[in-house]
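We name chains A, B, ... by the order of the sequence lines, and we start the count at 1 in each one.
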2 protein chains.
Amino acid sequence: MTTETHRDDAAARLRAAGLKVTAPRLAVLDAVSGHGHLDADAVLARVTGTLHGTSLQSVYNVLGALTDAGLLRRIEPAESPALYESRTGDNHHHVVCTRCHAVADVDCVVGEPPCLAPSDAAGFAIHTAEVTFWGLCADCQRELAG
Amino acid sequence: MTTETHRDDAAARLRAAGLKVTAPRLAVLDAVSGHGHLDADAVLARVTGTLHGTSLQSVYNVLGALTDAGLLRRIEPAESPALYESRTGDNHHHVVCTRCHAVADVDCVVGEPPCLAPSDAAGFAIHTAEVTFWGLCADCQRELAG
DNA sequence: AAGTTGTTTTGAATCACTCAAAACAACTGC
DNA sequence: GCAGTTGTTTTGAGTGATTCAAAACAACTT
């Protein structure tokens, strides 16, 4: 069964990260995986279906643990609560809609490292470049045009 | 007097933006100008010297008005409160220290527009690219080395 | 100098998130 | 399989940053 396989994978990844395998963790991992960019409330909403008695606090705990372990990535666009996504490892970027705050992934095309090399970094030893694009999402463009 | 001139400039810029010229606004504008990247508390601290009876709330109001008017720019790096700077108009970027949260300006060198042109923007009509570099500031490098 | 409208002040409220202690459940070794 | 240990979850309260709202006030207009 695909679902079974997924759960096993998730369990294995938790274990590999040195984390105990628990129902809340499997549920959160599943809720975030393949569902874009979710804030803590959205994760709770998706999780309360399969898990009962969960609280926002637990979701925060789990999200924190999974993020620290590198199984999830946290982004914090201006004017939005923290969002979590399952795509980790590659340092991809994001587009945020200035009207509805929708978020989408963006692959940094233009020769990857260029952005990573500012000429004058004011003496900083830089290790990451984070790029956030701002614009109107397709839906909002339509609504404003129509 | 230079100070006089500064104040007149500030007043003119407020008027040009359609804003009334008030003591709190002149004070906040002066506090932020040429003093890097300040959060609301820091602005209040710098302002309470010259202005008495001010509150954090007023500072928030003024910062909001000045930002909306384009006289200040607001940045919101992850894990920091909102920061305000007087350098507006050019879309420069920032380096943030992962250890002490110090912030410095960075001019986007590498041919400006490259970052502004992601191949696949998921249907978004992009109008801004925001780049945040993360690394260790000079002071923190020293402290960790020594 | 008076009126109008935008600002500031005061005070309370909200949102997103963290802290802490007690109850609990996974994994370890026997 | 079962007890022990240690990491997790739960419950409840608390904090920091920011916003909301209404009344007092001051800048600009005529």
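For B:Ser58 and C:dT9, the shortest distance from a side-chain N or O to OP1 or OP2 is below 4.0 Å. For D:dT9, one of the phosphate oxygens OP1 or OP2 lies less than 4.0 angstrom from a side-chain nitrogen or oxygen of A:Arg25.
Atom-to-atom, CG of B:Asp41 to C1' of D:dT18 comes out at 11 Å; the value is rounded to the nearest Å. Distance CG (A:Leu44) to P (D:dT10): 11 Å, rounded to an integer number of Å. Atom CG in A:Leu26 sits about 13 Å away from atom C1' in D:dT8, given to the nearest Å. Distance, A:Asp68 CG to C:dT18 C1': 13 Å, rounded to whole Å. At whole-Å resolution of the value, CG in A:Leu56 and P in C:dC19 are 15 Å apart. Atom CG in B:Leu63 sits about 10 Å away from atom P in D:dT19, given to the nearest Å. The distance between atom CD of B:Glu76 and atom P of C:dC17, rounded to the nearest whole Å, is 12 Å. Atom-to-atom, CG of B:Leu38 to C1' of D:dA17 comes out at 16 Å; the value is rounded to the nearest Å.
Between A:Arg74 and A:Glu85 no salt bridge is recorded (no basic side-chain N to carboxylate O distance below 4.0 Å).
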Practice item. Heavy atoms under 4.0 Å is the rule here; annotate nucleotides 20-30 of chain C 5' to 3' with B where the base is hit, S where only the sugar-phosphate is, and - elsewhere. Key: ------BS---

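If you take CG on A:Leu63 and CZ on A:Arg25, they are separated by 11.0 Å, rounding to the nearest 0.5 Å. One finds the CH2 atom of B:Trp134 at 9.0 Å from the NE2 atom of A:His127 (value rounded to the nearest 0.5 Å). One finds the OH atom of A:Tyr60 at 6.0 Å from the CG atom of A:Asp41 (value rounded to the nearest 0.5 Å).
In this structure, B:Ala40 and A:Val62 both approach DNA chain D, and ranking their closest nucleotides by distance from the 5' end singles out A:Val62. Mapping B:Ser55 and B:Gly18 onto DNA chain C via the closest heavy atom, the residue that lands nearer the 5' end is B:Gly18.
At the heavy-atom level, B:Ala65 lies nowhere under 4.0 Å from the strands shown.
Under 3.5 Å, the side chains of A:Asp107 and A:His93 contain no donor-acceptor pair of N or O atoms.
Between the side chain of B:Thr132 and the main chain of B:His94, no donor-acceptor pair closer than 3.5 Å is present. Within the 3.5 Å criterion, the main-chain N or O of B:Thr67 finds no donor-acceptor partner in the side chain of B:Arg73.
Set against D:dA17, D:dT9, C:dC17, the side chain of B:Tyr60 has D:dA17 as its closest nucleotide.
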